[in-house]
Amino acid sequence: MEFDDVLRLRRSVKRFDPEHRLDDEDLKRLFAAVALTPSSFNMQNWHFVAVRDPEVKERLCAAAWNQPQVKEAALVVVLAGRLEAWRDYARYLRKAPAEVRDNLAGMIRGFYEGKDELAMQEACRSVGLAGMTMMLAARNLGWESCPMIGYDPIKVAEIVGLPAECPPLMMVTIGRGSAPPRPRMGLLDFEEFVSLDAFGRGGLSGEVDDR
């Protein structure tokens, strides 16, 4: 599929075919794409809990105020941030040359140590990027998806056994859609969201094609 088509066809789908299944090979194809997502210092400060078990999905659905896509979708992915990932540089720099690994180790400690808010911000950035990669990859593989923040994070963490340092920052439902997405509600014009060289400095104008 052409990339422009993937971008345009990726929509937030709310209803899924509950009979559709994704096997382990499907998941490997999906997460092989997600693994290519960039992250600061290559930290890969995320962890994904891929839920296919109907009973677990039922519990997640209840924690997400009974939104039907959670129990209908073939896959529910809980995207968690790893707030302490910066400490374990040996894990994510293990394939780097020794001199690069040694140089970055000190930089990483100096950048993140004692900065809990920065670690959370970094996790949100990384999970956000990974979530977008996941949804585009799903669309390229012929599946629909829906990003979600409408859930009780404490209950979700408990259901899938997340430790305290791995908060659930997003959920994504993936599967075969059973109903078309709602029409787009309209995109901002270029001049409303793009400045040139400084905030508020215009130059681009016109409507974005939202077909």
Side-chain angles (χ1 to χ4, degrees), residues 1-52 57 64 67-81 92 95 122-150 169-197 201-211:
M1 189 180 295
E2 294 292 329
F3 184 62
D4 283 354
D5 294 330
V6 173
L7 284 176
R8 289 185 178 278
L9 292 174
R10 198 256 1 122
R11 301 293 306 281
S12 295
V13 170
K14 303 293 186 180
R15 302 307 299 260
F16 291 86
D17 176 2
E19 301 303 317
H20 180 226
R21 299 290 183 268
L22 296 175
D23 61 24
D24 287 358
E25 289 304 312
D26 292 326
L27 265 60
K28 286 182 179 180
R29 294 168 70 193
L30 177 69
F31 286 107
V34 174
L36 300 174
T37 303
S39 59
S40 182
F41 293 107
N42 194 46
M43 278 195 299
Q44 300 163 77
N45 49 334
W46 47 56
H47 190 89
F48 310 105
V49 181
V51 178
R52 293 178 295 189
K57 287 194 291 182
Q67 295 180 77
Q69 65 265 35
V70 179
K71 62 181 178 181
E72 291 178 350
L75 180 69
V76 180
V77 184
V78 179
L79 293 82
Y92 51 83
K95 294 184 179 179
E122 200 69 81
C124 291
R125 280 189 284 270
S126 295
V127 164
L129 289 169
M132 193 72 249
T133 300
M134 184 180 298
M135 290 183 287
L136 292 175
R139 180 60 266 177
N140 191 53
L141 291 166
W143 310 322
E144 307 295 350
S145 64
C146 183
M148 298 180 62
I149 59 168
L169 301 178
M170 184 190 303
M171 290 202 309
V172 175
T173 54
I174 295 173
R176 180 186 296 140
S178 63
R182 298 168 183 165
R184 294 189 191 275
M185 292 184 286
L187 303 177
L188 297 175
D189 296 341
F190 289 116
E191 58 265 32
E192 295 180 271
F193 70 99
V194 181
S195 296
L196 298 180
D197 300 318
R201 184 176 295 172
L204 298 182
S205 62
E207 296 183 352
V208 177
D209 183 358
D210 63 354
R211 289 175 295 177

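Checked against salt bridge (charged side-chain N to carboxylate O under 4.0 Å, His left out), Lys28 has the following partners two or more places apart in sequence or in another chain: Glu25. Considering only residues two or more places apart in sequence or on other chains, Ser40 meets the side chain to side chain donor-acceptor pair (under 3.5 Å) condition with Tyr112. In this structure Arg29 satisfies the side chain to side chain contact (heavy atoms under 4.5 Å, CB included) test together with Asp26, Leu141, sequence neighbours excluded. Evaluation of the ring pair (Phe, Tyr, Trp, His ring centres under 6.0 Å) rule for Phe31 yields Phe48 as partners, not counting sequence neighbours. Remark: Ala74 pairs with His20, Leu22 by the side chain to side chain contact (heavy atoms under 4.5 Å, CB included) rule, at least two apart or across chains. The side chain to side chain contact (heavy atoms under 4.5 Å, CB included) search around Val194 returns Leu196, Leu204, not counting sequence neighbours. Qualifying side chain to side chain donor-acceptor pair (under 3.5 Å) partners for Asp24, counting only residues two or more places apart in sequence or in other chains: Arg52. Residues satisfying the side chain to side chain contact (heavy atoms under 4.5 Å, CB included) test with Met185, not counting sequence neighbours, are none.
In this structure, the side chains of Ser12 and Pro181 stay at 4.5 Å or more apart for every pair of heavy atoms. You'll find the side chain of Leu169 stays beyond 4.5 Å of the side chain of Val78, heavy atoms only.
Ala130 and Trp46 make their closest contact through CB-CE3, 4.0 Å (heavy atoms, listed as atom of the first residue, atom of the second, distance). Scanning both residues, Ile174 and Phe16, for their nearest heavy atoms gives C-CE2, 3.9 Å. The nearest pair of heavy atoms linking Val70 to Thr173 is CA-CG2, 4.0 Å. Nearest heavy atom pair, residue Ala50 against residue Leu27, reads CB-CD2, 3.9 Å. Taking all atoms of both residues into account, the shortest heavy-atom contact from Met171 to Ala64 is CE-CB, 4.2 Å. For the pair Ala33 and Ala137, the tightest heavy-atom approach, listed with the atom from each and the gap, is CB-CB, 3.6 Å.
Remark: Leu36 CG is packed, more than 12 non-hydrogen atoms of other residues, nucleotides or ligands lying under 6.0 Å away. Counting heavy atoms of neighbouring residues, nucleotides and ligands inside a 6.0 Å radius, atom CZ of Arg184 exceeds 12 of them.
To the nearest 0.5 Å, atoms CE (Met1) and CZ (Arg8) are separated by 13.5 Å. A distance of 11.5 Å separates SG of Cys124 from CG of Leu79, quoted to the nearest 0.5 Å. A distance of 9.5 Å separates OH of Tyr92 from CD of Gln44, quoted to the nearest 0.5 Å.
A donor-acceptor contact shorter than 3.5 Å is absent between the side chain of Glu144 and the backbone of Arg139. Under the 3.5 Å distance criterion, the side-chain polar atoms of Glu192 are left unmatched by any main-chain donor or acceptor of Phe190. Side-chain N or O atoms of Lys57 include one that pairs as donor or acceptor with a backbone N or O of Ala73 at under 3.5 Å. Gln69 places no side-chain N or O within donor-acceptor distance of the main-chain N or O of Cys146, the cut-off being under 3.5 Å.
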Side chain to side chain contact (heavy atoms under 4.5 Å, CB included), that's the test. Do Met148 and Val172 meet it? Break it down for me. CA-CA 6 Å; Met148 298 180 62; Val172 175; over 6 Å; no
Let me see the working for Val77 and Val51 under side chain to side chain contact (heavy atoms under 4.5 Å, CB included), right down to the final yes or no. CA-CA 6 Å; Val77 184; Val51 178; over 6 Å; no
Is there a side chain to side chain contact (heavy atoms under 4.5 Å, CB included) between Trp143 and Leu75? Walk through the geometry before answering. CA-CA 11 Å; Trp143 310 322; Leu75 180 69; over 6 Å; no
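For residues 10-23, the set of pairs meeting the salt bridge (Lys or Arg N to Asp or Glu O under 4.0 Å) definition, not counting sequence neighbours, comprises Arg15-Glu72, Asp17-Arg176. Counting only residues at least two apart or on different chains, the side chain to side chain donor-acceptor pair (under 3.5 Å) pairs with a member in residues 123-133 are Thr37-Thr133, Asn45-Ser126, Glu122-Arg125.
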